[in-house]
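Data block below; observations after.
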Amino acid sequence: EDQVTQSPEALRLQEGESSSLNCSYTVSGLRGLFWYRQDPGKGPEFLFTLYSAGEEKEKERLKATLTKKESFLHITAPKPEDSATYLCAVQAGSSASKIIFGSGTRLSIRP
Amino acid sequence: EAQVTQNPRYLITVTGKKLTVTCSQNMNHEYMSWYRQDPGLGLRQIYYSMNVEVTDKGDVPEGYKVSRKEKRNFPLILESPSPNQTSLYFCASSFRGNSPLHFGNGTRLTVT
């Protein structure tokens with residue numbers, strides 16, 4: 001069965017303390033892996049798409065990487081405004097419409 | 001401004017009273033979908049549409065209906081809501097089925 005698991009569920013960091021969020025997946029035929037950011041009371045906002053193992057994408061303090069079994073979202077020197085829930089989603093199989101979301105990681109950055 | 005608009009933002013209703021949640025996008029996207037978000041379960045797909053008059057079931061379609069008569073609109077219909085449909089609902093659209101999703105700001109539904 002296709003599955004996407006994110007860890008940890010919640011993460012509290014001090015401002016400037018770098019860390020990584022994990023998204024592990026077991027799917028047949030990965031077509032793409034997406035990272036989204038969700039703020040309270042809002043819909044998820046797109047961050048990155050990764051298509052193949054070894055691929056990396058960067059945006060400000062965030063860097064996403066992909067292997068054959070998992071993806072990492074690295075956060076370097078985070079600021080309080082990086083506090084949010086980060087969602088991972090996988091598109092797999094023969095249907096372009098099949099998208100499976102993980103449960104998310106709630107990230108909190110203390111000043 | 002490019003956006004996905006859902007209405008209403010909040011809705012409280014009673015069991016069995018039919019309701020519709022509207023969704024509209026102004027980006028000329030082909031693909032639209034509905035999700036529900038529940039604590040610990042993440043986002044689960046209810047229905048999706050690859051284009052006008054083309055809709056299909058997602059992972060949790062029971063108790064829901066959709067229609068896609070126009071490209072920009074994709075309403076979610078609950079014919080006879082039940083308390084287990086209390087949830088946070090999101091509409092999303094994308095250029096194609098394998099493109100990044102643009103989400104609305106959600107509809108929080110409570111069924112008593």
Side-chain angles (χ1 to χ4, degrees), chain A residues 1-10 21-25 27 29-52 55 57 59 62 64 66 71 84-106, chain B residues 1-7 9-10 21 23-25 27 29-51 54-61 66 68 74 87-108:
Chain A
E1 184 186 343
D2 295 338
Q3 200 166 352
V4 178
T5 305
Q6 290 188 246
S7 61
E9 252 184 59
L21 313 183
N22 178 262
C23 171
S24 63
Y25 59 91
V27 298
L30 178 73
R31 295 166 65 94
L33 185 141
F34 302 85
W35 281 99
Y36 293 86
R37 169 191 170 125
Q38 185 174 21
D39 293 299
K42 294 197 170 182
E45 182 182 330
F46 170 70
L47 292 172
F48 303 109
T49 309
L50 301 166
Y51 292 105
S52 56
E55 191 174 357
K57 293 270 179 76
K59 180 180 178 181
L62 299 177
L66 181 66
S71 176
T85 295
Y86 290 85
L87 301 172
C88 167
V90 167
Q91 191 164 39
S94 57
S95 169
S97 58
K98 179 76 171 176
I99 301 172
I100 307 162
F101 279 84
S103 298
T105 294
R106 279 192 322 278
Chain B
E1 181 191 350
Q3 59 186 359
V4 177
T5 304
Q6 291 179 234
N7 281 299
R9 288 294 308 275
Y10 301 93
V21 184
C23 174
S24 180
Q25 51 93 4
M27 294 167 280
H29 283 168
E30 288 186 352
Y31 178 88
M32 297 185 75
S33 62
W34 276 102
Y35 293 85
R36 60 178 290 174
Q37 188 173 37
D38 301 289
L41 295 176
L43 282 159
R44 292 179 293 167
Q45 191 178 51
I46 303 171
Y47 269 95
Y48 64 91
S49 169
M50 300 294 284
N51 214 323
V54 180
T55 63
D56 208 344
K57 297 176 182 178
D59 293 322
V60 288
V66 293
R68 186 97 181 269
F74 191 44
S87 186
L88 179 59
Y89 291 85
F90 286 102
C91 179
S93 72
S94 68
F95 179 60
R96 288 188 305 267
N98 59 352
S99 304
L101 292 167
H102 296 253
F103 284 85
N105 277 332
T107 296
R108 186 166 292 281

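Convention: sequence-line order gives letters A, B, ...; per-chain numbering from 1.
- Smallest separation of non-hydrogen atoms from B/F90 and A/G43: CE2-CA, 3.3 Å.
- There is no contact between A/F48 and chain B, counting heavy-atom distances below 4.5 Å.
- Considering only heavy-atom pairs separated by less than 4.5 Å from chain B, the leading option among A/P44, A/G102, A/A89 is A/P44.
- Chosen from B/G42, B/P100, B/S33, the residue pairing most often with chain A at heavy-atom distances under 4.5 Å is B/P100.
- Scanning all heavy atoms of the two residues, the minimum distance from A/S103 to B/G40 falls at OG-O, 3.4 Å.
- Looking at A/Q38, the atoms closer than 4.5 Å to chain B (heavy atoms on both sides) all sit in the side chain, from C-beta outward.
- Judged as a side chain to side chain donor-acceptor pair (under 3.5 Å), and not counting sequence neighbours, B/W34 has no contacts.
- Within the model, atoms OH of A/Y36 and CG of B/L101 stand 4.0 Å from one another, a figure rounded to the nearest 0.5 Å.
- Between A/I99 and B/Y35, the closest side-chain pair of non-hydrogen atoms falls below 4.5 Å.
- More than 12 heavy atoms of other residues, nucleotides or ligands sit less than 6.0 Å from atom CZ of A/R37.
- Residues forming a side-chain contact (heavy atoms from CB on, under 4.5 Å) with B/D38 (at least two apart in sequence, or on another chain): B/R36, B/L41, B/R44, B/S87.
- With a 4.5 Å cut-off on non-hydrogen atoms, B/S49 does not touch chain A at all.
- With a 4.5 angstrom heavy-atom cutoff, B/R9 touches chain A only via side-chain atoms.
- The environment of CD in A/E55 is crowded: more than 12 heavy-atom neighbours from other residues, nucleotides or ligands sit within 6.0 Å.
- The contact between A/L87 and chain B is made entirely by side chain atoms (from C-beta outward), counting heavy-atom distances below 4.5 Å.
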